[in-house]
Amino acid sequence: GENVEQHPSTLSVQEGDSAVIKCTYSDSASNYFPWYKQELGKRPQLIIDIRSNVGEKKDQRIAVTLNKTAKHFSLHITETQPEDSAVYFCAAGATGGGNKLTFGTGTQLKVEL
Amino acid sequence: NAGVTQTPKFQVLKTGQSMTLQCAQDMNHNSMYWYRQDPGMGLRLIYYSASEGTTDKGEVPNGYNVSRLNKREFSLRLESAAPSQTSVYFCASTVSYGEQYFGPGTRLTVT
């Protein structure tokens, strides 16, 4: 089955700096790569996703890049703000087969003032 | 439109007790999922239902059973709870291949 590795497990940045979280996946059939943000005590919520026919996608301060050849994808947050502090999860999945997702183990991002 | 709802929010069980976690969605989604979340381990899939009438095992199915009661409802049952099943349980749903919407979670403690 699919295996998703996520790094780093914790990340501390100063407000206004950029943050980068990286994930690798193992199954070449995976073609959907979402990123979820989870605030303390809350449910995970989708912040951005990318499909394998696209190399990069941007939404305001958030961007995701995908390298299919190397089987890795990354989340980039620019101009970080204290409200960006949360746990971020990457995931990978393939069309069909119940539309399952395999999640990474999460990155605790802390944005310090 | 409530989205995905779960009951109960919190539960404490003694080892060996049984319970059912309930999940419902009002978005007419086809696929539903049960995950468990443990510190440092992300979200792990327990069982899923690709469509009404079907269920399949995920990554960590041992000790659990599920029922897709209808298109809206997907329940998770612990027949004989064990301390290793202490976790936060999330239900999720999706209409097709794309965003999974999560419920608020159930925090379960087994003593």
Enquirer: For chain B, which of A:Gly93, A:Gly106, A:Gly41 has the most heavy-atom pairs under 4.5 Å?
Expert: A:Gly93
Enquirer: Identify which of A:Asp49, A:Leu101, A:Val4 forms the greatest number of heavy-atom pairs closer than 4.5 Å to chain B.
Expert: A:Leu101
Enquirer: Please enumerate all residues that pass side-chain hydrogen bond (donor to acceptor under 3.5 Å, both in side chains) together with B:Ser31, with sequence neighbours excluded.
Expert: none
Enquirer: Could you go through A:Leu109 and A:Val13, starting from their C-alpha distance and side-chain angles, then the distance that decides it, and tell me whether this counts as side chain to side chain contact (heavy atoms under 4.5 Å, CB included)?
Expert: CA-CA 8 Å; A:Leu109 174 64; A:Val13 299; 4.1 Å; yes
Enquirer: Before giving the answer on salt bridge (Lys or Arg N to Asp or Glu O under 4.0 Å), spell out for A:Asp27 and A:Lys71 the whole-Å C-alpha distance, their side-chain angles and the decisive distance to 0.1 Å.
Expert: CA-CA 8 Å; A:Asp27 189 348; A:Lys71 294 197 186 72; over 6 Å; no
Enquirer: By a 4.5 Å heavy-atom criterion (distance strictly below it), what part of B:Val4 contacts chain A: side chain, backbone, both, or neither?
Expert: backbone
Enquirer: How about B:Phe90 and B:Tyr33: are their ring centroids closer than 6.0 Å?
Expert: no
Enquirer: Is A:Phe89 close to chain B through its backbone or its side chain, or both, or neither, when contacts mean heavy atoms under 4.5 Å?
Expert: side chain
Enquirer: Considering only heavy atoms, which portion of B:Phe102 lies under 4.5 Å from any heavy atom of chain A: side chain, backbone, both, or neither?
Expert: both
Enquirer: A:Pro44 versus chain B, heavy atoms under 4.5 Å apart: side chain, backbone, both or neither?
Expert: both
Enquirer: Heavy-atom distances under 4.5 Å only: say whether A:Thr95 touches chain B with side chain, backbone, both or neither.
Expert: both
Enquirer: Please say which of B:Gln25, B:Gln100, B:His29, B:Arg72 ends up in a side-chain hydrogen bond (donor to acceptor under 3.5 Å, both in side chains) with B:Ser93.
Expert: B:His29
Enquirer: Using heavy-atom distances under 4.5 Å, tell me whether A:Gln108 contacts chain B through its side chain, its backbone, both, or neither.
Expert: neither
Enquirer: Hey, are A:Glu56 and A:Lys58 close enough for a salt bridge, meaning a charged N less than 4.0 Å from a carboxylate O?
Expert: no
Enquirer: Name the region of B:Leu45, side chain, backbone, both or neither, that has any atom closer than 4.5 Å to a heavy atom of chain A.
Expert: side chain
Enquirer: Take B:Arg36 and B:Asp38 through the salt bridge (Lys or Arg N to Asp or Glu O under 4.0 Å) test and state the conclusion after the steps.
Expert: CA-CA 7 Å; B:Arg36 60 177 290 172; B:Asp38 303 292; 2.9 Å; yes
Enquirer: Which bit of B:Gln37 is near chain A, if near means a heavy-atom gap under 4.5 Å: side chain, backbone, both or neither?
Expert: side chain
